[in-house]
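Chain letters run A, B, ... following the sequence lines, proteins first, then strands; residues in each count from 1.
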Amino acid sequence: MKLDTVIIGGGLAGLTAGISLQKAGKKTAIISAGQNALHFFSGSFESMQEAPERAIDLFEEAGIRLHYREGARLMPMGTFRPAVLSLEDVSIFPEGQLPRRALVINFTGYHDFFSSFIAEGLEKAGASCRIRFIRIDEMEHLRLSPSEMRSVHIARVMDKVWEKVVQEVRILLKDEDTVILPQVFGLKDASVPGKIRANIPAKVVFVGTLPPSVPGVRTQQLLRRRYELLGGTYLMGDEVLSATLDGDRVTGLTTRNLQGHPITADHFILATGGYFSKGLESNPEHVWEPLFGLDVEALEDRNDWYERDFAKDQPYLRFGVKTDPELRALKDGKPLRNLYVAGSILGATREDMGIGGGLALRSALAVAETIAKD
Amino acid sequence: MTLQEYTTSAHNFEECMKCTVCTAYCPVVQVNPLYPGPKQAGPDGERLRLKDPYFFNQALKYCLNCKRCEVACPSGVHVADIIQSARIRYDHSAPKLRDRILASTDFMGKLARPFAPIVNGVTSLGVTKTVLDATLAIDRHRTFPKYSATSFEGWLKRHHRSQAAFPEQVAYFHGCYVNYNYPQLGKDLVKVMNALGIGVQLLEKEKCCGIAMIVNGMSKEATKHAKHNISTIEKAVAKGLKVVTTSSTCTFTMRDEYPSLLGVDNSAVRDSIQLATRLIFEKLEAGAKLEFRPDFHLKVAYHTPCHMEKLGWGVFSERLLKMIPGVEFTLLDSACCGISGTYGFKKENYEASQAIGAPLFDQIRAVNPDVVACDCETCKWQIEMSTGYTVKHPISILAEALA
């Protein structure tokens with residue numbers, strides 16, 4: 001199969017690059033070894049200060065509304081983290097405007113939402129909290145198999161009966177200024193979180209649950225649909241086994257499903273993610289990039305890889321593939337001319353591009369722009 | 001040896017990191033609360049079953065074997081293989097008469113073919129459906145596939161000489177459906193192959209691929225079929241033939257289910273078993289030409305069957321359809337139609353089956369195509385019954401579009 005650009009990795013970076021290139025009239029394919037880190041997406045980007053409208057427009061065309069608002073968001077463990085760009089679902093607290101009285105709501109029997117941690121965190125920040133559990137008849141069947149009482153299953157029910165949650169909350173609500181709900185709304189119908197907000201007379205904040213992330217799954221599905229509508233080929237559940245190189249150029253790939261059928265292209269984008277997605281691999285001695293054997297920036301001594309305090313930023317998460325200023329991958333100190341790198345496989349090697357989801361967006365947009373001009 | 005080699009066991013079971021992504025993509029868990037879901041039925045349950053088979057749960061029979069959990073898994077765990085292997089290993093209950101009948105597709109085909117008009121008449125009667133529903137628990141809402149009075153094998157044997165005249169040859173594993181129910185698809189394949197200068201011959205003797213037996217508690221019978229088919233295919237491959245297929249599920253079963261579920265070694269021929277759509281695409285990419293009718297117009301919506309999704313070859317059907325001048329193409333969202341072979345025919349699964357397929361049926365109605373294209377025979381029955389839209393194999397659409 002002959003394409004203009006082949007993207008390895010179907011997560012946020014891969015899809016962003018794919019959509020941008022299809023819009024620029026290129027023929028592309030995305031190879032995705034299973035689902036991706038969007039299933040753990042919090043719904044916010046911490047770094048996308050520079051020209052956020054590029055991401056806002058791209059998402060808008062896929063049916064996903066983002067809003068740019070600098071402030072803090074409430075995390076699943078009751079802490080606050082900064083955010084600049086967020087999905088509509090996510091409520092941002094501008095500086096100095098934290099909740100004073102909060103009602104924290106959970107569903108009876110749902111173990112993936114930590115209401116007491118959240119209440120504790122809010123109390124530390126000076127708020128008073130009440131935790132209440134609600135029961136909705138239409139989701140009681142989920143309790144037949146408690147291990148399957150998961151965010152997405154609840155969300156499927158909630159797309160239909162969200163009004164019942166509104167009723168229950170309105171009964172429970174006293175003088176609270178803020179209502180905290182688990183982020184289990186709007187899996188298929190993205191308008192549900194907005195409708196809930198409109199019908200509850202307090203600030204409604206949806207807080208993340210254990211995975212899968214409901215807004216993350218929705219984002220993945222809408223971005224993929226947009227990519228395919230633009231004519232992109234999304235090879236889901238396939239995996240690149242090997243690559244062929246001619247000097248400093250990548251010429252083709254072999255995948256597990258398409259063995260015997262080489263995939264060739266003018267440009268390649270490596271967006272295979274971090275350790276979770278196996279974009280980077282490690283053993284007790286090394287960290288390496290498994291597909292091309294690219295140069296990886298990592299600390300030599302394993303004792304330096306970790307911070308003993310689990311909650312601190314971990315140095316190993318900063319390791320990543322080395323690139324030239326154009327984001328072309330370095331191998332043995334020299335750039336591969338047509339292999340570009342995007343997303344979390346970069347670690348913190350490109351701090352100019354931000355971190356996390358913001359890094360994925362910015363690097364993918366930058367790479368797509370370079371390739372489209374070529 | 002690396003650390004991984006010490007810790008990776010059958011079906012990559014220990015690679016599971018409990019991320020729960022599979023549960024988000026399981027079609028059954030969305031509609032049947034009795035099914036524990038892929039993570040619980042698969043790797044989580046396996047940890048317990050390895051300690052004591054007592055923990056085997058009969059609810060594993062609700063697994064469709066659609067493999068969507070495996071396609072979604074970011075860690076390469078063969079979730080559905082773990083579930084189906086557990087059913088093979090631990091479920092010793094004898095299959096019901098109904099399940100034996102549903103699973104024996106080539107036996108039933110042989111029985112029914114000589115009496116095709118009578119059988120087709122009888123199985124479409126309301127009273128027959130009511131009786132089958134009451135006695136065998138085959139759901140009364142189902143439409144039974146029609147049997148053809150002449151088999152595809154009989155037809156191709158009569159054309160043996162003209163086919164042998166082509167310079168290039170392939171062997172065709174047609175499967176039960178083409179042979180007994182819908183020989184036209186086989187004829188369409190022959191037409192397209194011939195247009196590319198390729199003659200089509202039968203394998204020495206093929207048997208049902210056995211997928212329906214695997215999922216209906218008849219793995220011993222399935223293993224016999226698997227061994228027979230692989231040795232037949234080995235003979236064809238030894239003669240230098242590629243073996244082409246039209247059914248995505250037969251293809252997937254022979255390539256992947258034989259070794260992973262039945263322990264039948266197919267390594268010598270696995271790469272030679274290919275869907276015809278892939279072979280045709282590769283021929284065209286290498287410069288072969290097909291002449292198309294100038295007046296052809298068709299609005300096509302393509303549905304990727306679950307096993308095609310797992311094979312990762314839907315892209316070939318998609319590209320071939322898009323290449324036909326006059327085709328207006330829509331790719332339907334990746335979703336299970338709910339039938340999963342014999343699963344949806346069972347009375348206890350009927351409602352779940354229709355609920356699983358509902359989003360796909362809605363999308364088809366919204367797109368409102370002239371035809372739905374799909375490479376799977378049971379998806380075809382399900383979509384035709386549930387939406388009223390005609391479903392055609394991409395090869396049949398190609399054949400119709402040829403000049």
For chain A, which candidate among B:Met17, B:Glu309, B:Glu318 shows the most heavy-atom pairs at distances under 4.5 Å? B:Met17

Where do B:Ser334 and A:Arg224 land on the side chain to side chain contact (heavy atoms under 4.5 Å, CB included) test, with the steps shown first? CA-CA 10 Å; B:Ser334 174; A:Arg224 176 177 171 178; 4.2 Å; yes

Heavy atoms of other groups near A:Arg225 CZ, more than 12 under 6.0 Å: no

Of the backbone (N, CA, C, O) and the side chain (C-beta and beyond), which part of B:Gln274 lies under 4.5 Å from a heavy atom of chain A, both, or neither? neither

Can you find a heavy atom in the side chain of A:Val152 that is under 4.5 Å from one in the side chain of B:Tyr25? no

Return a table of donor-acceptor pairs under 3.5 angstrom between the side chains of residues 34-42 of chain B and protein atoms on other chains or two or more places apart.
residue : atom : partner  : partner atom : Å
B:Lys39 : NZ   : B:Asp44  : OD2          : 2.9
B:Gln40 : OE1  : A:Ser147 : OG           : 3.3

How long is the straight-line distance from OG1 of B:Thr20 back to CZ of A:Phe40, given to the nearest 0.5 Å? 6.5 Å

A:His141 portion near chain B, given a 4.5 angstrom heavy-atom threshold: both

Under the salt bridge (charged side-chain N to carboxylate O under 4.0 Å, His left out) rule, what pairs show up with a residue in residues 21-30 of chain B, not counting sequence neighbours? none

Would you mind checking which part of A:Glu239 comes under 4.5 Å of any heavy atom in chain B, side chain (CB onward), backbone (N, CA, C, O), both or neither? neither

Within a reach of under 6.0 Å around NZ of B:Lys299, are more than 12 heavy atoms found that belong to other residues, nucleotides or ligands? yes

Are A:Leu235 and B:Val315 close enough, and set up right, to give a side chain to side chain contact (heavy atoms under 4.5 Å, CB included), and what steps lead you there? CA-CA 8 Å; A:Leu235 299 169; B:Val315 59; 4.0 Å; yes

Sorted by chain and residue number, the side chain to side chain donor-acceptor pair (under 3.5 Å) partners of A:Asp89 (sequence neighbours excluded) come out as A:Arg218

Does atom CD of B:Glu351 have more than 12 heavy-atom neighbours from other groups under 6.0 Å away? no

Taking the side chain as C-beta and beyond, is there a heavy-atom pair between B:Arg319 and A:Thr233 under 4.5 Å? yes

Between A:Ser151, A:Ala155, A:Gly34, A:Gly273, who has the most heavy-atom pairs with chain B when the cutoff is under 4.5 Å? A:Gly34

Examine whether an atom of B:Leu311 lies under 4.5 Å from a heavy atom of chain A, and if so say whether it belongs to the side chain, the backbone or both; otherwise answer neither. backbone

I'd like to know whether CZ of B:Arg47 has more than 12 heavy-atom contacts from other residues, nucleotides or ligands below 6.0 angstrom. no

Check the surroundings of atom CZ in B:Arg365: do more than 12 heavy atoms from other residues, nucleotides or ligands lie under 6.0 Å from it? yes

Given side chain to side chain contact (heavy atoms under 4.5 Å, CB included), test A:Gln35 with B:Cys22 step by step and report yes or no. CA-CA 9 Å; A:Gln35 291 290 1; B:Cys22 55; over 6 Å; no

Contact origin within A:Glu140 toward chain B - heavy atom pairs under 4.5 Å: neither

Does NZ in A:Lys188 sit with more than 12 non-hydrogen atoms of other residues, nucleotides or ligands closer than 6.0 Å? no

Report the option among A:Arg143, A:Gln259, A:Arg150 that has the most heavy-atom pairs separated by less than 4.5 Å from atoms of chain B. A:Arg150

From CA spacing to verdict: side chain to side chain contact (heavy atoms under 4.5 Å, CB included), B:Lys310, A:Met236: CA-CA 8 Å; B:Lys310 172 70 181 157; A:Met236 182 43 131; over 6 Å; no

A:Asn257 to B:Trp313 - nearest heavy-atom pair and separation: O-NE1, 2.8 Å

Distance col, row A:Met149:CE vs B:Thr23:OG1, nearest 0.5 angstrom, shows 13.5 Å

Grab the two heavy atoms, one from A:Met1 and one from B:Glu285, that are nearest each other, plus how far apart they are. CA-OE2, 3.0 Å

With only heavy atoms counted, which part of B:Asp271 is less than 4.5 Å from chain A, the side chain, the backbone, both or neither? neither

Counting a contact as any heavy-atom pair under 4.5 Å apart, which residues of residues 60-73 of chain B contact chain A? B:Val71, B:Ala72, B:Cys73

Can you tell me how the ring of B:Phe316 sits relative to the ring of A:His261, calling it parallel under 30°, perpendicular over 60° and tilted otherwise? perpendicular

Quick one: closest heavy-atom pair of B:Ala24 and A:Pro212, and the distance? CB-CG, 4.1 Å

From CG (B:Leu332) to CD (A:Glu228), nearest 0.5 Å: 10.5 Å

